[in-house]
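Down below is the structure, laid out as structure tokens.
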Amino acid sequence: MIDVPLSALEVAMVQTGRRAVETLRDTAAFAQGLERLGYHRIWYAEHHHSPAIGAFPPVVLIAHAAASTSAIRLGSGGVLAPNHAPLMLAEQFGTLAGLHGGRIDLGIGRGPGTFDEATARALRRGAGPTTDAEYHGDVAAILSFLVDEVALDPLPEPWLLASSTAGAALAARLGLPIALAHHIRPDNTLAAVERYRADFTPSRWCERPRVLVCVEAVCAETEDEAAWRVGPMDVVKAGLLKGLSEIPFPTPEAAAAHPFTAEERRALAGFRAQQAVGTPETVVRRLAQLAGETGADELMLTTPVYDLADRIRSYELIKKYAEATALS
């Protein structure tokens with residue numbers, strides 16, 4: 001049984017055979033579908049220069065989704081602090097919160113959002129990778145500007161994204177809720193949760209530790225169908241294992257014919273075992289296990305499948321099965 005809210009992370013995969021603008025236009029239908037299903041929030045991720053993921057600024061997607069919905073919370077998961085001036089982020093998200101009161105989250109992350117060094121430098125106007133001290137200073141500045149410069153009511157709800165104990169320590173020191181990227185680095189999740197809870201200091205933003213865990217979740221009526229739907233993302237992951245970042249998001253048919261090596265199959269199987277893929281019963285059982293292991297206050301599901309209808313159907317199967325088992 002799952003007794004915590006369920007939310008969604010939207011990474012806006014650009015499918016082979018479709019134009020990026022079609023993916024962009026799907027975002028409103030996706031937000032409306034998840035609001036109808038009763039999901040708690042949707043976050044949008046920042047990515048750049050990828051053939052598989054649209055370079056759509058989270059702040060723009062949030063504004064579009066907010067205008068297309070009425071109740072679901074919306075935010076960044078995350079907007080990447082090193083790529084933006086702190087004051088600009090505070091102004092943008094403060095404005096969104098003022099326009100859509102009580103619905104806006106500001107999830108802050110560190111990475112560049114790209115594997116391409118030239119793109120990362122262009123985003124940072126020629127600057128190199130940010131240091132720990134610079135990142136910590138940027139996060140603190142964003143929070144300060146929200147209060148002292150933007151000062152709208154209500155303010156956006158700030159979160160810190162993390163995938164390591166170092167990120168967990170920063171969230172704890174600043175007294176921020178933490179969103180853990182279990183869908184990226186699952187081996188770090190439990191250690192990060194432990195560090196966060198041990199070091200947490202209450203703040204104006206958060207009185208007690210709050211933990212959100214993001215997990216890859218792909219659900220279908222049968223195990224075989226779920227494996228079929230997750231195939232395209234397996235191809236992308238296999239490319240990343242080889243150090244290849246220029247991997248398009250293929251069709252399920254192309255993914256089924258992809259020649260994975262034995263080593264790739266082992267690595268993908270190991271990763272999948274830590275996520276939630278399968279029938280509603282399988283997925284909800286795994287999500288409940290993860291919530292129990294981490295003590296998560298919320299689970300965020302990311303579902304990188306090819307077709308929008310299949311993606312929404314996955315969220316529907318999970319939500320309905322979770323609700324049915326909670327009542328039984």
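A donor-acceptor pair is defined here as one N or O able to donate and one able to accept, closer than 3.5 Å; no such pair exists between the side chain of E216 and the backbone of Q274. In this structure, the side chain of D307 engages the main chain of A309 through a donor-acceptor pair within 3.5 Å. T303 places no side-chain N or O within 3.5 Å of a backbone atom of R311 that could act as its donor or acceptor partner. A donor-acceptor pair is defined here as one N or O able to donate and one able to accept, closer than 3.5 Å; such a pair exists between the side chain of N83 and the backbone of P112. Within the 3.5 Å criterion, the main-chain N or O of A227 finds no donor-acceptor partner in the side chain of R272. Listed for the D199 side chain is no donor-acceptor partner under 3.5 Å among the backbone atoms of A172. In this structure, the side chain of E323 does not engage the main chain of K320 through any donor-acceptor pair within 3.5 Å. Not a single donor-acceptor pair under 3.5 Å links the side chain of E298 to the backbone N or O of V213. In this structure, Q32 contributes its side chain and S68 its backbone to a donor-acceptor pair below 3.5 Å. When atom types are taken as modelled, the side chain of R286 and the backbone of Q275 share a donor-acceptor pair closer than 3.5 angstrom.
Y135 and L89 fall within a single hydrophobic cluster, where Ile, Leu, Val, Met, Phe, Trp and Tyr side chains are chained together by heavy-atom contacts under 4.5 Å. Cluster annotation: L317 is not connected to M233 through the hydrophobic network of ILVMFWY side chains, with a link wherever side-chain heavy atoms come within less than 4.5 Å. Note on F200 and L160: same hydrophobic cluster, where clusters join Ile, Leu, Val, Met, Phe, Trp and Tyr whose side-chain heavy atoms are under 4.5 Å apart, directly or indirectly. Hydrophobic clustering (ILVMFWY, side-chain heavy atoms < 4.5 Å, transitive): L96 and L152 are in distinct clusters.
Taking the side chain as every heavy atom from C-beta outward, R208 and R197 never approach each other to under 4.5 Å. Between L190 and E293, some side-chain heavy-atom pair lies under the 4.5 Å cut-off. Put simply, the side chain of R41 does not reach to within 4.5 Å of the side chain of R103, judged on heavy atoms. Residues L146 and L106 form a side-chain contact, since some pair of their non-hydrogen atoms from C-beta on lies under 4.5 Å apart. Looking only at side-chain heavy atoms (C-beta outward), D297 and L212 stay at 4.5 Å or farther from each other. Inter-residue side-chain proximity for R265 and L268 is flagged as unmet; no heavy-atom pair is nearer than 4.5 Å. Two residues are said to be in side-chain contact when any heavy atoms from C-beta on lie closer than 4.5 Å; P186 and F271 meet this criterion. Taking 4.5 Å as the limit, every side-chain heavy atom of I108 sits out of range of all side-chain heavy atoms of L161.
Side-chain contact check for T251 and Q15: no donor-acceptor pair (N or O, by modelled atom type) lies under 3.5 Å. When only modelled atom types and interatomic distance are considered, H84 and E46 share a side-chain donor-acceptor pair under 3.5 Å. A donor-acceptor contact closer than 3.5 angstrom is absent between the side chains of S7 and R73. No hydrogens or angles considered: nothing links the side chains of H183 and T302 as a donor-acceptor pair under 3.5 Å.
Other residues, nucleotides and ligands contribute at most 12 non-hydrogen atoms within 6.0 Å of the CZ atom of R185.
Apart from V230 itself, the hydrophobic cluster it occupies contains V218, V277, V305, where clustering links Ile, Leu, Val, Met, Phe, Trp and Tyr at side-chain heavy-atom distances under 4.5 Å.
For Y315 and F30, the ring centers are positioned less than 6.0 Å apart.
The pair R25-E22 does not meet the salt-bridge criterion, since no charged nitrogen lies less than 4.0 angstrom from a carboxylate oxygen.
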Candidate pair T165 and Y196, rule side chain to side chain contact (heavy atoms under 4.5 Å, CB included), full reasoning: CA-CA 8 Å; T165 54; Y196 173 69; over 6 Å; no
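The line from CD of E149 to OG of S144 is 7.5 Å long, rounded to the nearest 0.5 Å.
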